[in-house]
Each structure stands twice: as C-alpha cells, then as structure tokens.
*Asks:* 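Sharing a structure here in structure tokens format.
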Amino acid sequence: MTSESDLLMKRILIFLLLSSVFSCQEIQGVKTGNEFSNLFKITKTTDGVVGLTTVDEYSKVLSEVSFSNPYKRVVLLNTTYMSYVKFLGKENCVVGSVDLGRMQKFATKDVDANEIKSVGENGVLNVELIRSLRPDLIVCNSFQEGSVVSFGDIDVLVVNEFWEQHPLGRSEWVKVFGVLLGASQKAEAKFKEVKDRYETQNKAEQTNLPKVYNLSRFSSSYFLPGCESIVSKILMDAQCDVGCIAATSRSTEISEEQQLTMCVDKDYLLFFDWLPQKRRYAEVLEELGVQKCFKGDIVYCNTSSSGYFEKSIMEPDVLVNDLFQILHRNQKETKYFSLLKESE
C-alpha cells in the first residue's frame, strides 16, 4: 500500500519537474565543461584523483567528493539513481537502497536483488542498517541531505538531476555515475547513444500544431511553466503549440481567472499523476480545477505504473516519440503516455 508521505513526495517531484523554478548557469562562476548539464562538474588530476562537485538551485556548491579508486559499496537514497547504475551494468556496486520493492525491478538477471538491502521506505531511513552496510558512498538529493548529516565519515554526493532544464541534461548525469563506479568510458559512450537517438529522431514536419496546456496545480495555486523548462522543450520537440511563459525556464503562478481563459482553446491537457491507480477523465479535470473551461483530450502519464521517474531519465527520445504519436494521432504503441477522452 502506498503511504500518504510517499504520495506527497511524488507530487512534490512532479511539481519540481514541471516548475523548473530556478536557472543555474555555472558552478561558482566556473564553466562545467558539460554538454547540457550545469549542475555538476567533473575534474581529473594527472595523478588519477577524480573530483566531483554538485550545486544547488542558487549555483552554490552543495557537495564535493574526491577519490582515487571507484566506489564499491554505494547506498542510493532515491530510486531514480538506479537507472544510471543499471545503464552502466554496475548494480553489484550497490549495497543498499530506499524503496527496495520498486528498485528490484531494475536488477539484471546477473544480480541477486537480495544482495541489495532495504535501507528505508517512504522517506524513513534505517540509519543503523546503513552504517552496518559499511558504505563508502551515499547518494541522495538535497531534500534528504539533512538525514545523512550524521554520516561524517562517509562520502555523500547530492544529486539533483530533477532540476535539469534540458532532457539531455538529466541523461548526462550518467557520466557522474560512470566516474563514481569506474565506468567512465562506458558512460561517455552510452550518453552519446542517448544524445544521438534524441537529436536524430525521424519525425515528419507537421503544419497544424496541436495546442497543449501544461498546467500544474499545487495546493490552491496554478502554475504555467516557462518555455525553457524541460517538459516544455519535450513538448516542442514533439511538434506542438505549448502554452508556456516565453524566454524563461521558471514557472509563473497564474490566477484562476487567467487559467480559465487560457485553457478554453487548447486541444490537449498534459497531466502527470502521482497516484498508483489510473484516474478517469473527470477526476483529472477536478484535480486541476479546469472542469469549466477544458473540453479536449488529456495526455496522461501515471508516474507509478509507468516507472516514469526511474526509467525515462535515459529515454528522453521515447518521451518525445510517445507524445508525437499521441498528439498527431498516429495510433502507435506508447510507453509512458496514454490518451484520456471525455467518454472515459
């Protein structure tokens, strides 16, 4: 059974994904040298020491680690990190993770999932178990950082991949896990594969672009995303007319009156669901408070059943293709998104 705290965390992650409430250009004024991400920097010295620096939303250094040898006993405090690990075939370096039930879906047939211990569920960590596993590295996000302050003798790396503003920015974090786990060359090659797939998608140019409303609602407030946000960019790559705020990655709060006016002429409404069960058309409209104005179809993603947060990080091309197939009525099989009609 999914707890209320777990659902709340999923809802917050979706809000962060859609909002992109900050813009990060450099790390303490130093260019990162990455192709797409500006949230981490990798350095290597002539004597083989690797340095990793990550930043928070204000471009301030959030965590730093340096090491000469790859980490062998890693604890992951977020299920999304296993996507990078699995992509590199390094599951044997993971000794513990949170939400193990979801994490086991990503273990390969060559890895005994029982070797990975559950160190927490629904945001509650088993601190003593983590220590007993003798990890040499803990990977967490900035919301979890306070929970691992006591691990002063263990390296901690804060990974906020969900703040990225470009679809390939999230994928580029595989390079970080590559250097951590001794698979740098493989990480570089795998990222190139993802990048090539994303940039060479063969989609026929469309003349009549469908209008998509990417509205998010948190508490009683409505937000419209910036056109430079990651979700807006994916929608644009899928060739549609996106309702967004121009020339920014930030979301802007809009009034109820504004959202009622803006949603009238839209063909589709994009909705990321955090509940484990699929919701019906009317339930989604009620959740977003657009029953009075929206009459089109809903492009729906159930983040729980589809494994969106765990899998899509390394499949931005699949996200674009899914949306393209749905928005342009090609009726082909999709992985993350489906269409909800008023009759459903």
Side-chain angles (χ1 to χ4, degrees), residues 14 17-20 35-36 83 87 161-162 164-172 190-216 224-246 249 251 262-263 265-273 278-279 281 284 288 290 294-344:
I14 292 172
L17 170 71
L18 298 179
S19 296
S20 298
E35 293 183 68
F36 298 94
S83 294
F87 212 60
E161 89 295 331
F162 49 80
E164 292 292 349
Q165 297 167 15
H166 192 285
L168 289 172
R170 293 197 306 166
S171 303
E172 195 168 14
K190 289 293 186 181
F191 176 70
K192 185 178 185 304
E193 292 177 7
V194 173
K195 176 186 172 184
D196 289 346
R197 289 201 314 267
Y198 189 85
E199 294 183 338
T200 59
Q201 296 180 87
N202 184 21
K203 302 188 301 295
E205 290 295 327
Q206 305 296 307
T207 53
N208 297 319
L209 302 183
K211 296 179 180 180
V212 180
Y213 197 33
N214 182 19
L215 179 74
S216 59
L224 197 65
C227 295
E228 298 300 316
S229 68
I230 187 170
V231 175
S232 293
K233 288 180 179 178
I234 288 175
L235 284 167
M236 290 176 189
D237 281 346
Q239 297 188 44
C240 60
D241 183 352
V242 185
C244 55
I245 306 298
S249 62
S251 280
M262 296 178 68
C263 80
D265 67 337
K266 298 299 185 292
D267 302 308
Y268 297 95
L269 177 66
L270 180 65
F271 183 68
F272 290 87
D273 203 350
K278 184 176 181 178
R279 284 195 260 193
Y281 181 93
V284 174
L288 291 177
V290 295
F294 184 74
K295 303 301 180 183
D297 293 335
I298 297 172
V299 180
Y300 177 88
C301 173
N302 188 294
T303 57
S304 295
S305 61
S306 68
Y308 177 87
F309 287 112
E310 293 84 4
K311 298 178 181 179
S312 70
I313 285 178
M314 300 305 296
E315 296 182 331
D317 57 308
V318 178
L319 295 178
V320 173
N321 184 66
D322 271 14
L323 291 169
F324 182 84
Q325 301 303 333
I326 291 174
L327 295 171
H328 300 285
R329 305 289 185 171
N330 289 340
Q331 304 299 321
K332 293 185 178 180
E333 184 177 352
T334 54
K335 183 173 183 178
Y336 295 105
F337 298 94
S338 61
L339 197 63
L340 283 182
K341 296 177 177 291
E342 189 173 0
S343 58
E344 298 181 26

*Asks:* Picking from Asp237, Val212, Val299, what satisfies side-chain contact (heavy atoms from CB on, under 4.5 Å) with Leu323?
*Replies:*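 The passing option is Val299.
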*Asks:* Would you compute the distance between atom NZ of Lys233 and atom CE of Met236 and round it to the nearest 0.5 angstrom?
*Replies:* 9.0 Å
*Asks:* Looking at CZ of Phe191 and CZ of Phe87, how far apart are the two atoms once the value is rounded to the nearest 0.5 Å?
*Replies:*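 Here the rounded value is 10.5 Å.
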*Asks:* Between His328 (side chain) and Cys240 (backbone), is there a donor-acceptor pair under 3.5 Å?
*Replies:*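 Side chain of His328 to backbone of Cys240: no pair is present.
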*Asks:* Would you mind reporting whether Lys335 and Ser312 have side-chain heavy atoms less than 4.5 Å apart?
*Replies:* no
*Asks:* Short question: side chain of Gln201, backbone of Tyr198 - any donor-acceptor pair under 3.5 Å?
*Replies:* yes
*Asks:* Does the side chain of Pro316 reach to within under 4.5 Å of the side chain of Leu168, using non-hydrogen atoms?
*Replies:*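 In contact.
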*Asks:* Step by step, would you call Lys190 with Glu193 a side-chain contact (heavy atoms from CB on, under 4.5 Å)?
*Replies:* CA-CA 5 Å; Lys190 289 293 186 181; Glu193 292 177 7; 3.8 Å; yes
*Asks:* Heavy atoms only: give me the nearest Arg279-Asp273 pair and the separation to one decimal.
*Replies:* NH2-OD1, 2.7 Å
*Asks:* Who pairs with Cys244 by disulfide bond (SG atoms under 2.5 Å apart), at least two apart in sequence or on another chain?
*Replies:*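 By the disulfide bond (SG atoms under 2.5 Å apart) rule, Cys244 matches Cys227.
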*Asks:* Could you tell me the separation between the CD atom of Gln325 and the CD atom of Glu333, rounded to the nearest 0.5 Å?
*Replies:* 10.5 Å
*Asks:* Could you state the interatomic distance from CD1 (Ile298) to CD1 (Ile326), rounded to the nearest 0.5 Å?
*Replies:* 12.0 Å
*Asks:* For the pair Ser232 (side chain) and Ser229 (backbone), establish whether a donor and an acceptor sit closer than 3.5 Å, ignoring hydrogens and angles.
*Replies:*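 No; judged by distance alone, with no hydrogens or angles, the pair does not exist.
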*Asks:* Quick one: does any side-chain atom of Asp267 pair with a main-chain N or O of Lys211 as donor and acceptor, under 3.5 Å?
*Replies:*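 Answer holds: yes.
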*Asks:* Kindly indicate whether the side chain of Leu339, heavy atoms from C-beta on, has any atom under 4.5 Å from the side chain of Arg329.
*Replies:* yes
*Asks:* Provide the closest heavy-atom pair for Pro210 versus Tyr268 in the form atom of the first, atom of the second, distance.
*Replies:* CB-CE1, 3.6 Å
*Asks:* Give me the atom names and distance for the closest heavy-atom approach of Lys266 to Gly243.
*Replies:* CE-CA, 4.4 Å
*Asks:* If the condition is side chain to side chain contact (heavy atoms under 4.5 Å, CB included), which residues does Met262 pass it with, not counting sequence neighbours?
*Replies:* Tyr213, Leu224, Ile254
*Asks:* How far does OH of Tyr336 sit from OG1 of Thr303, to the nearest 0.5 angstrom?
*Replies:* 12.0 Å
*Asks:* For Glu342, what residues pass the side chain to side chain contact (heavy atoms under 4.5 Å, CB included) criterion, not counting sequence neighbours?
*Replies:* Tyr281
*Asks:* If the condition is disulfide bond (SG atoms under 2.5 Å apart), which residues does Cys263 pass it with, not counting sequence neighbours?
*Replies:*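 Applying disulfide bond (SG atoms under 2.5 Å apart) to Cys263 gives Cys293.
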*Asks:* Taking the side chain as everything from C-beta on, heavy atoms only, tell me whether Pro225 gets closer than 4.5 Å to Ser216.
*Replies:* no
*Asks:* I'd like to check the side-chain hydrogen bond (donor to acceptor under 3.5 Å, both in side chains) partners of Asp241; sequence neighbours left out, ordered by chain and number.
*Replies:* none
*Asks:* Please examine the side chains of Glu172 and Glu164, heavy atoms only from C-beta on, and report whether any two atoms are closer than 4.5 Å.
*Replies:*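 Side-chain contact under 4.5 Å: no.
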*Asks:* What residues, two or more places apart in sequence or in another chain, satisfy side-chain hydrogen bond (donor to acceptor under 3.5 Å, both in side chains) together with Asn302?
*Replies:*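 Only Tyr300, Ser305 meet the side-chain hydrogen bond (donor to acceptor under 3.5 Å, both in side chains) criterion with Asn302.
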*Asks:* Provide the closest heavy-atom pair for Ile313 versus Glu161 in the form atom of the first, atom of the second, distance.
*Replies:* CD1-CG, 4.0 Å
*Asks:* Shortest non-hydrogen contact from Leu288 to Phe271?
*Replies:*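 For Leu288 versus Phe271, the nearest heavy atoms are CD1-CD1, 3.8 Å.
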*Asks:* Could you give the distance from CD1 (Ile230) to CG (Leu235), rounded to the nearest 0.5 Å?
*Replies:* 11.0 Å
